[in-house]
Amino acid sequence: MAESETYVYLNGNFVPDKDAVISVRTHALNYGTSVFEGIRGYWNESESRVYIFRMKEHYERMGRSCRIMFMNMPHSPDEYCDLTIKLIKMNNPKTDTYIRPIVYKSSYNISPALLNNPDGTTIFTAPLGQYVDIHKGLHVCVSSWKRLTDNVIPPRGKIGGSYCNAALIVSEAKKSGFDEAITLTNDEKIGEGSAMNLFIVRNGKLVTSTVTDDILEGITRDTIIHMANELNIPVETRRIDRSELYICEEAFFCGTGAQVSPVTMVDHRPIADGNIGPISKKLQDLYFEIVRGKVEKYKHWCTPVDIE
Ligand code: PMP
């Protein structure tokens, strides 16, 4: 194995990145018929380990996305966890790492149908630091693009094609000078960010949209709810109006990529005094302790992989 070679898992084999090639005829490339996950491995320098955060939950969610898309997930969540650990060991990262498993429709059929269409799978890894700035306080807008709905392409599934919606949302926001955007449901309630969930603080309570408001059922969202319970911060899961974004005390995004990213301005209106709020900061600090395997109580969420 060459020192600098990066490996990828593809349909039963670990192969060098450059050899992990699939045909242009592949159904998923033509029709967006894939499901995927985004998982983070956190580098812990002092222990020379990568801690993979809530790995099995991500693969269980990938299984649910497969069910929506008439896919038979090629491996069980436990098998995917073992494959991921092997891949991390082969790639030997000494940095924070993103893990991207995919299940995809692999036939060469010229029809979007999901039936008689075998499922391929791959896992690749890539170094990943910050996906959005977690320190400065993000300035965001409410997107002019609405979120897909459950009866269009279910946002509850992490489905490749549906990320064209996220792409339009985030690209428009950036072109207009914002850092990110917040989605509205078809009936104009607040959903989430382009690829992250949202919390606001109102009257000292954390508020987040319901899972029936066309959001992904985020694993970080669930982590934040656990942490808030432990810190005795009340959490309300309910529908959120757009104008609540303008009068809330704090807001932050959360997600595997986004981690915990405070939002300090929405649609040109500063949130409270325009600084990162105390609840957001407290949750952010605890989150980073947890994901690096430093909090005993949450170590069961962190799978250690020793790096040579
Ligand atoms: N919503 C969307 C649309 C996403 O793509 C993501 C990223 N996976 C999230 C929310 C956050 O989910 P998680 O915390 O499970 O990464």
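One-based numbering along the sequence shown. Atoms considered below: every heavy atom in the structure, side chains included; atoms not considered: hydrogens, waters and symmetry mates. Counting starts at 1 for both ligands and their atoms, in listed order.
In this structure, Tyr163 has its ring center under 6.0 Å from that of Phe36. Aromatic ring centres of Tyr9 and His75: separated by under 6.0 Å. Between Phe14 and Tyr7, the distance separating the two ring centers is not shorter than 6.0 angstrom.
In this comparison of Ala195, Gly255, Gly218, Ala258, the heavy atom closest to atom 7 (C) of ligand 1 sits on Ala195.
At least one heavy atom of Asn197 sits closer than 4.0 Å to an atom of ligand 1. Pro155 does not count as a contact of ligand 1, since none of its heavy atoms falls under 4.0 Å from the ligand. Not a single heavy atom of Glu217 sits less than 4.0 Å from an atom of ligand 1. Under a 4.0 Å heavy-atom criterion, Arg147 is in contact with ligand 1.
Neither the backbone nor the side chain of Glu37 comes within 4.0 Å of ligand 1, counting heavy atoms alone. Contact annotation: for Glu192 versus ligand 1, heavy atoms closer than 4.0 Å belong to the side chain alone. Residue contacts with ligand 1 for Arg156 are absent, since no atom lies close enough (heavy atoms, distance under 4.0 Å).
At the top of the distance list for atom 8 (N) of ligand 1, counting protein heavy atoms only, stands Lys158 NZ, 2.9 Å. What sits closest to atom 16 (O) of ligand 1 on the protein, heavy atoms only, is Thr256 OG1, 2.6 Å.
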TODO: Apply the test side chain to side chain contact (heavy atoms under 4.5 Å, CB included) to residues Ser143 and Glu172: give CA-CA distance (whole Å), side-chain angles for both, the deciding distance (0.1 Å), then the verdict.
DONE: CA-CA 8 Å; Ser143 184; Glu172 177 192 60; 3.5 Å; yes
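Of all heavy-atom pairs between Ile169 and Ala181, the closest is CG2-CB, 3.6 Å.
Looking at Ile219 next to ligand 1, an N or O pair under 3.5 Å apart turns up. Residue-to-ligand polar distances keep Ser194 apart from ligand 1: every N/O pair is separated by 3.5 Å or more.
When Ile182, Val140, Val263 are each tested for a side chain to side chain contact (heavy atoms under 4.5 Å, CB included) with Leu245, only one passes: Ile182.
Considering only heavy atoms from C-beta on, Thr212 comes within 4.5 Å of Arg156 through its side chain.
For residues 76-91, the pairs satisfying salt bridge (charged side-chain N to carboxylate O under 4.0 Å, His left out) are Lys56-Asp78, with sequence neighbours left out.
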